[in-house]
There are 2 protein chains.
Amino acid sequence: MATRDDVLAAAQRHLNVDARASMADLAGAAGISRATLHRHFATREDLLHELGTRSLDRWAASLVAADAPGAAASGDAVRIRACLDDLVARYLADSDDFGFALTDPYLLSAPDLVERSDALVEREVALYVAAQAAGVLRADLPPRWISHALYGLLVAARDALLGGDLPRRDLDALVLSTFLTGAQR
Amino acid sequence: MATRDDVLAAAQRHLNVDARASMADLAGAAGISRATLHRHFATREDLLHELGTRSLDRWAASLVAADAPGAAASGDAVRIRACLDDLVARYLADSDDFGFALTDPYLLSAPDLVERSDALVEREVALYVAAQAAGVLRADLPPRWISHALYGLLVAARDALLGGDLPRRDLDALVLSTFLTGAQR
DNA sequence: TGGGTATGAGACACAACTGTCTCACATGAG
DNA sequence: CTCATGTGAGACAGTTGTGTCTCATACCCA
């Protein structure tokens, strides 16, 4: 018998492949009937919202696991740099599971999710500000842009993976290296 | 009286704000009735497809305007570098108009558009390969990844602009600089 | 074995959107 | 003025997906 978590996981996986999947599609992906899916999640919005919340949970957890607040507060360049490396790898792992959430139109328009997302950006930006102060990141880039840029590279990585252009194992190094030093020789 | 092009332009503008707009929404945005919109475009797919085609036209035109094939063939580092600068600025201008097309689920799943898009990526990749050979871009990055990365930065720029985090005038420099040299100090 | 629980299949009403059609009206050209 | 053309308003049917409900059944546990 499929648990609520099993269903969420299946929906997640399927949405990463087909962002416009219907409830019938998601039920099929979970190997259950549509009726049973509705027993778990009354509405499609409920399901999406739950996935959105979990994706934000993961984002928040990654910030904590990489100790972004600690690194930012320390002001230590080496520590901040290690934190950035760690963060990129964690974000990539998160987007393996929640990649669809990066660009899902519903999630991007749900007010409470957007609000929480903004709050997380704020915490991430604090790290970038500290990184700039410590000389780890360029001080001439708006920290919010740095956040957007890393987000964009995650979208790029997701699409490269989906398009079969790159093996997963290369992504960590590519994203980090592109993020930090760009594409120029 | 609104021409077909006026209608397309209005739809484009509105889709950049609300990617899930209905035909009624788009008619309203164009200041015409839904019936008239259907006189211009029999189906929603027709409209989307036309916009998708035009966005690919613009992409192709930008590659030509920046003389990517010429620069690639020349093998001249200075010329290739200038071409890249030009290309980034043009892509950003294109995404002012066609930003929604970057992540629109329908456009990304329409087989003929995807096919044409792949062909354009191919031509873009040729430029990156030449840039790597000329020592302009890092040779250790897969050229396809470079293409994805720039695409990701365009998404980032669009979102930063939409979120009001950055003024339009700063985008060219930020995207180019981040693309080329990254965020690291 | 019997009873409670979860499920699948399917019917059903409903909502939103789509695409078509008609008709009345405005406007501009001749 | 008159006619042709384009338009808006609205009715209409069709489609798709949603959410609810019922009922038979399978399964697990006592």
Side-chain angles (χ1 to χ4, degrees), chain A residues 1-55 98-101 103-114, chain B residues 1-55 100-101 103-114:
Chain A
M1 164 183 142
T3 72
R4 180 184 173 91
D5 279 15
D6 293 337
V7 174
L8 276 172
Q12 209 174 86
R13 242 174 290 123
H14 197 262
L15 284 169
N16 280 329
V17 176
D18 175 12
R20 297 181 303 176
S22 69
M23 289 294 268
D25 294 332
L26 298 178
I32 61 177
S33 72
R34 201 167 62 90
T36 303
L37 179 56
H38 274 289
R39 282 185 195 106
H40 285 293
F41 304 95
T43 72
R44 188 178 202 275
E45 290 214 347
D46 285 352
L47 172 55
L48 264 289
H49 201 278
E50 172 92 30
L51 285 176
T53 298
R54 294 198 176 205
S55 110
F98 291 101
F100 79 95
T103 52
D104 182 88
Y106 166 71
L107 296 181
L108 297 180
S109 66
D112 58 333
L113 295 180
V114 169
Chain B
M1 163 184 142
T3 72
R4 180 185 172 90
D5 279 14
D6 293 336
V7 175
L8 275 171
Q12 209 176 84
R13 242 175 289 123
H14 197 262
L15 284 169
N16 279 330
V17 176
D18 176 14
R20 295 180 304 173
S22 68
M23 288 296 267
D25 294 332
L26 298 178
I32 61 177
S33 74
R34 201 167 62 89
T36 303
L37 179 56
H38 273 291
R39 282 185 196 107
H40 286 293
F41 304 95
T43 72
R44 189 178 202 278
E45 289 214 347
D46 284 350
L47 173 54
L48 265 288
H49 200 277
E50 172 93 31
L51 285 175
T53 299
R54 294 198 175 206
S55 113
F100 79 95
T103 52
D104 182 88
Y106 166 69
L107 296 181
L108 297 180
S109 67
D112 57 335
L113 295 180
V114 169

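In what follows, every heavy atom counts, from backbone to side chain, and hydrogens, waters and symmetry copies are set aside.
Across the protein-nucleic acid pair, B:I32 atom CD1 and C:dC25 atom C1' stand 18 Å apart, rounded to whole Å. Spacing between atom CG of B:L48 and atom P of C:dC17 amounts to 15 Å, rounded to whole angstrom units. B:D46 places its CG atom 19 Å from the P atom of C:dC17, with the value rounded to the nearest Å. When rounded to the nearest whole Å, the span between CZ of A:R4 and C1' of C:dT7 equals 17 Å. Atoms CZ (B:R39) and C1' (D:dT5) sit 11 Å apart, rounded to a whole Å. What separates NE2 of B:H40 from C1' of D:dG8 is a distance of 13 Å, to the nearest Å.
Partners of B:R13 by salt bridge (Lys or Arg N to Asp or Glu O under 4.0 Å), not counting sequence neighbours: none found.
Looking only at side-chain heavy atoms (C-beta outward), A:T43 and A:L48 stay at 4.5 Å or farther from each other.
Contact detail for B:R44 and B:A19: the closest heavy-atom pair is NH2-O, 4.5 Å. When every heavy atom of B:T3 is checked against every heavy atom of B:H40, the shortest pair comes out as C-CE1, 4.2 Å. The two residues B:H49 and B:Y106 make their nearest non-hydrogen contact at CD2-OH, 3.7 Å.
Atoms CZ and CD, on A:R4 and A:E50 in that order, are 4.5 Å from each other to the nearest 0.5 Å.
Looking at residues 5-19 of chain B, you'll see that no heavy atom sits under 4.0 Å from any atom of DNA chain D.
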Tabulate protein N/O versus nucleotide N/O from nucleotides 14-20 of chain D, keeping only pairs under 3.5 Å, one per line.
from: D:dT18; atom 1: OP1; to: A:R44; atom 2: NE; distance (Å): 3.1
from: D:dT18; atom 1: OP2; to: A:M23; atom 2: N; distance (Å): 3.1
from: D:dG19; atom 1: OP2; to: A:R44; atom 2: N; distance (Å): 2.9
from: D:dG19; atom 1: N7; to: A:R34; atom 2: NH1; distance (Å): 3.1
from: D:dG19; atom 1: O6; to: A:R34; atom 2: NH2; distance (Å): 2.9

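Checking side-chain atoms of A:D104 against main-chain N and O of A:A101 turns up no donor-acceptor pair under 3.5 Å. Counting only distance, with no hydrogens or angles, the side chain of A:D46 and the backbone of A:F41 share no donor-acceptor pair below 3.5 Å.
For D:dG8, the OP1/OP2 oxygens have a side-chain nitrogen or oxygen of B:T36 closer than 4.0 Å.
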